[in-house]
Amino acid sequence: MIGRRVSTRLIPLPYISSKIGGCYIATQAASFVEEACESSIDWNNLGFGLMETDYMYTIKCGKGKDDDFKAGELSRYGNIQLSPCAGVLNYGQGLFEGTKAYRREGGGVFLFRPQENAIRMQMGAKRMCMPCPSVSQFVDAVKQTALANKRWIPPPGKGSLYIRPLLFGSGPVLGLAPASEYTFLVYASPVGNYFKEGTAPLNLYVEDEFHRATRGGAGGVKSITNYAPVLKAISRARDRGFSDVLYLDSVNKRNIEEVSSCNVFMLKGNVLSTPEINGSILEGITRKSIMDIATNLGYRVEERSITIEEVMDADEVFCTGTAVGVAPVGSITYKGNRVAYKMSTPLASKKLYSRLVDIQTGVVEDDKGWVVEID
C-alpha cells in the first residue's frame, strides 16, 4: 500500500490507484471509485476493526527548544520505519487520540469537537515530555486525513470514519530519556459499533485485583501505556462472558473510576453522577458533551467520588467515549453479586445519546459550536 508521497494538496481520486477487495481499480471519474468502494463494503456490519484506507498524514520534529512541527504531508497508508531504539518502543513515550468524521443526510462531512482532542493531546504531551502540534495543526491534519479518505466515510446512519492521531517518540534513545525525534501521524478507518453486543446492554465485571491507573501516574492523559496493562483483566472478564471491566481506585479499592476504554455514569432519580477527574481518570470528550447535554435537559449533574455500592444501587448505568458512543449497562457483577438494571423503562442514556447524535447529524441546532464542517 505504500506508494509515492504526495504533498498536503490532495490529488483527485481519478488519478489514484486504489485497492478495493482483491483488485486494483484505476478510474477516470472519482464517483466511480466511491461507488466501487461503497459496493464492496457491508456498511451494515462494520464493527470496530481496522479497514485500511487510502492516506495517512505525518509530521516530524526534533526535541530542541527551537524545533517545532512544521507543515505535514499526506502519503499512502502503509507501514512506517522505526529504529529498534525508538523511544516509543523502548519506553512507551507515546499518546493517541480518537475522533470521528460523519456524513449527513443533506450532504457534507463533519467533525465533532476536534479542537478538544488537540487540547487533550497537548496536555498529554506535556506530561510525557514531548513537543506537540498546535491546535490548528492538529485540526488541519485531522481534516486533511478525513477528506483524503472521504470515500471511506460510511453513509449517514451506518457508522463513521474513526480518525486516530498518534504522537510518539520516533528517535533513538538507549538510556531512559526523552527521544531525539517525534512523529505526529494520523490515520483512519471506517467503523461501526465498538462492542460486539452492538447496541445491546453491556455486562460489566468489577475488577478488584488489577488497576487501570494510579494517582500520580498517567491515567489522566491518553498515554499508550494506559492500555496494554488492562488487556489481562479484559481477557479474563471476557472469558467469563462479560463485555468489559469496571475498575476501582487503587487506593481504597472502593470508588469506581473507568471502564477499560470509556468513562462511566450512574443515574439515581434525576441526579446524573460521574467520577471526578482526579489524575487517574481520562477527561473524555464525549463525557464532557453528555454532561452539558444532560444539564440542558434538566438533569442535575455531579462530578464526585462514587462508591461501588452506590453504582450497584443506581437506577441506570452507562458508558461514554468516542469509540463507544453512549452504551447502556445491563448488569454489573462485583464479588459474585450480580445486579441487573431495568431496560424496559425509557433510558436516560438513550435520550442523551439521541440528542448527541442529533447535534452531530444536524437534526437539532448546534448552538455550542461543537460541529465542524469540512466539506
Side-chain angles (χ1 to χ4, degrees), residues 44-49 98-100 102 112-113 154 157-160 162 189-207 212 222 226-227 230-231 233-235 237-238 240-248 256-268 272-275 281-294 297 299 301 306 308 311-312 314-334 338-361:
N44 293 314
N45 295 287
L46 277 178
F48 199 92
T99 188
K100 291 178 176 178
Y102 308 84
F112 186 70
R113 308 188 75 176
K158 301 295 185 180
S160 58
Y162 184 81
S189 175
V191 297
N193 289 313
Y194 180 80
F195 290 106
K196 67 177 183 179
E197 292 87 348
T199 58
L202 305 177
N203 298 306
L204 300 182
Y205 175 79
V206 179
E207 180 59 66
R212 176 190 167 274
K222 212 163 176 64
N226 292 336
Y227 295 87
V230 306
L231 296 178
I234 294 174
S235 177
R238 288 179 179 167
R240 298 172 181 173
F242 297 100
S243 310
D244 212 325
V245 176
L246 176 60
Y247 296 90
L248 302 178
I256 64 166
E257 293 214 323
E258 287 190 27
V259 178
S260 300
S261 61
C262 45
N263 296 117
V264 63
F265 286 80
M266 61 161 273
L267 181 69
K268 187 70 173 178
L272 186 65
S273 304
T274 190
I281 296 173
L282 186 70
E283 189 172 6
I285 294 160
T286 306
R287 172 186 180 273
K288 292 172 65 175
S289 303
I290 289 297
M291 289 170 63
D292 285 345
I293 291 171
L297 292 179
Y299 293 94
V301 179
I306 302 172
I308 183 59
V311 176
M312 302 291 275
D315 297 330
E316 183 181 344
V317 178
F318 60 88
C319 303
T320 65
T322 298
V324 307
V326 178
V329 174
S331 72
I332 293 180
T333 299
Y334 175 55
R338 180 179 182 272
V339 171
Y341 301 97
K342 293 181 180 179
M343 295 288 119
S344 57
T345 57
L347 296 177
S349 58
K350 289 189 176 181
K351 182 179 180 181
L352 293 166
Y353 188 44
S354 178
R355 178 57 62 92
L356 176 64
V357 172
D358 285 349
I359 293 171
Q360 292 171 336
T361 57

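This chain uses plain numbering: 1 for the first residue, then up along the sequence.
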Member of Thr274, Val264, Asn263 meeting the side chain to side chain contact (heavy atoms under 4.5 Å, CB included) criterion with Glu258: Asn263

Least distance between heavy atoms, Ala340 atom then Arg338 atom: CB-NH1, 3.8 Å

Closest approach of Leu267 to Ala348 (non-hydrogen atoms, all atoms of both residues): CD2-CB, 3.6 Å

Stepwise side chain to side chain contact (heavy atoms under 4.5 Å, CB included) check, Phe318 with Ile290: CA-CA 11 Å; Phe318 60 88; Ile290 289 297; 4.2 Å; yes

pair Ile308-Val206: side-chain heavy atoms closer than 4.5 Å: yes

CA sep, side-chain torsions, deciding dist, call: Phe265, Thr320, side chain to side chain contact (heavy atoms under 4.5 Å, CB included): CA-CA 8 Å; Phe265 286 80; Thr320 65; 3.5 Å; yes

Partner set under side-chain contact (heavy atoms from CB on, under 4.5 Å) for Tyr353, not counting sequence neighbours: Val326, Leu356, Val357

Point-to-point distance, once rounded to the nearest 0.5 Å, from NZ of Lys222 to CG of Asn226: 8.5 Å

For the student: nearest non-hydrogen atoms of Glu257 and Pro275, plus distance: O-CG, 3.6 Å

Check: Arg238 side chain, Ser243 main-chain N or O, donor-acceptor pair, under 3.5 Å: yes

CD1-OG1 distance between Ile285 and Thr99, expressed to the nearest 0.5 angstrom: 6.5 Å

Residue pair Glu207, Leu248: steps toward the side chain to side chain contact (heavy atoms under 4.5 Å, CB included) verdict: CA-CA 7 Å; Glu207 180 59 66; Leu248 302 178; over 6 Å; no

Residue pair Tyr247 / Ser260, side-chain donor-acceptor N/O under 3.5 Å: yes

Leu347 side chain reached by Glu316 side chain, heavy atoms, under 4.5 Å: yes

Reported OG-to-CZ distance for the pair Ser289 and Phe112, which is rounded to 0.5 angstrom: 3.5 Å

Side chain to side chain contact (heavy atoms under 4.5 Å, CB included) assessment of Val324 paired with Leu202: CA-CA 11 Å; Val324 307; Leu202 305 177; over 6 Å; no

Parallel, tilted or perpendicular, as decided by the 30° and 60° cut-offs, for the rings of Phe48 and Tyr162: perpendicular

Atom CZ of Arg113 with >12 non-hydrogen neighbours under 6.0 angstrom: yes

Heavy-atom pair of closest approach, residues Pro201 and Met343: CG-SD, 3.4 Å

Side chains of Tyr194 and Ser261 in contact at under 4.5 Å (non-hydrogen atoms): yes

Exercise: identify the closest heavy-atom pair between Ala294 and Val301: CB-CG2, 3.8 Å

Nearest non-hydrogen partners of Val259 and Cys319, listed with the distance: CG2-SG, 3.6 Å

Pairwise distance OG1(Thr333) to CG(Leu246) - rounded to 0.5 angstrom: 11.0 Å

CE-CG distance between Met266 and Leu272, expressed to the nearest 0.5 angstrom: 9.0 Å

Separation between CG of Asn203 and OH of Tyr341, rounded to the nearest 0.5 Å: 11.0 Å

With Ser160, the side chain to side chain contact (heavy atoms under 4.5 Å, CB included) member among Leu46, Val191, Thr322: Val191

